[in-house]
S.K.: 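Once you've had a glance at the structure underneath, I'll fire off some questions.
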Amino acid sequence: MAERTLSIIKPDATRRNLTGKINAKFEEQGLRIVAQKRIKLSNEKAGEFYAEHKARPFYNDLVSFMTSGPVVVQVLEGENAIARNREIMGATNPANAAEGTIRKEFAESIEANSVHGSDGTEAAAREVSFFFTDAEIVG
Ligand code: CMP
């Protein structure tokens with residue numbers, strides 16, 4: 001079934017001008033970018049987006065990092081888009097990421113790991129509507 005998932009190209013990747021290389025990996029592996037915008041997250045917005053991690057020791061650093069430069073938020077569409085995107089990204093920690101994945105090739109650390117992707121159906125619905133209205137998504 002065609003699915004949609006929320007992707008974020010993080011500040012470590014926009015800083016190094018990697019948006020196009022990352023988008024090529026999505027497109028080459030069957031995902032369609034059906035919405036996309038480059039934005040600067042506020043502390044409030046980044047904190048709310050990652051609210052589920054509030055109690056984790058890395059939360060404050062994560063919010064600072066995500067507001068340290070531009071991010072590209074995007075909606076990816078395709079067959080099993082949520083799981084497919086997670087495969088394309090690779091493991092959260094680049095040290096554990098498989099060859100050919102975005103995080104293996106580009107991530108700098110577990111925090112500056114170049115991309116975020118929704119981790120399930122509920123998260124995808126919440127995260128897509130966190131950044132985009134229906135009218136901004138053109139499938
Ligand atoms: P992301 O998929 O955006 O979801 C939460 C983010 O927290 C994760 O990617 C990492 O960038 C960041 N993070 C920083 N430290 C850790 C950690 N020790 N474990 C998991 N995620 C971490």
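Ligands are counted one by one from 1 in listed order, and the atoms in each one are counted from 1 as well.
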S.K.: Which residue holds the protein heavy atom closest to atom 15 (N) of ligand 1, what is that atom called, and what is the gap in Å?
M.R.: F58 CG, 3.4 Å

S.K.: Would you mind checking which non-hydrogen protein atom is closest to atom 12 (C) of ligand 1, with the distance to 0.1 Å?
M.R.: L62 CD1, 3.7 Å

S.K.: Numbering the atoms of ligand 1 from 1, which are under 4.0 Å from a heavy atom of E111?
M.R.: 11 (O), 14 (C)

S.K.: Closest non-hydrogen protein atom to atom 3 (O) of ligand 1, residue and atom name please, with distance?
M.R.: Y50 OH, 2.5 Å

S.K.: Indicate the atoms forming the closest heavy-atom contact of T5 with V128, along with that distance.
M.R.: C-CG2, 4.0 Å

S.K.: What are the two closest heavy atoms between L41 and T67, and how far apart are they?
M.R.: O-CG2, 3.4 Å

S.K.: Check whether NZ of the Lys or CZ of the Arg K10 lies under 6.0 Å from the centre of the six-membered ring of F106 and within 45 degrees of that ring's axis.
M.R.: no

S.K.: Is it the side chain (CB and beyond), the backbone, both or neither of I110 that lies under 4.0 Å from ligand 1, heavy atoms counted?
M.R.: both

S.K.: What's the shortest heavy-atom distance between A97 and T101, and which atoms?
M.R.: CB-OG1, 3.6 Å

S.K.: Just let me know how R86 lines up against ligand 1, side chain, backbone, both or neither, with a heavy-atom cut-off below 4.0 Å.
M.R.: neither

S.K.: S68 and R15: side-chain donor and acceptor closer than 3.5 Å?
M.R.: yes

S.K.: At a non-hydrogen distance cut-off of under 4.0 Å, which region of F65 contacts ligand 1 (side chain, backbone, both, or neither)?
M.R.: neither

S.K.: For I22 versus I102, what's the shortest heavy-atom pair and its separation?
M.R.: CG2-CD1, 3.8 Å

S.K.: Before signing off on this row, confirm whether H116 and ligand 1 have an N or O atom pair separated by under 3.5 Å.
M.R.: yes

S.K.: Within ligand 1, which atoms have a heavy atom of R103 less than 4.0 Å away?
M.R.: 2 (O)

S.K.: Quick one: closest heavy-atom pair of M89 and G117, and the distance?
M.R.: SD-N, 3.4 Å

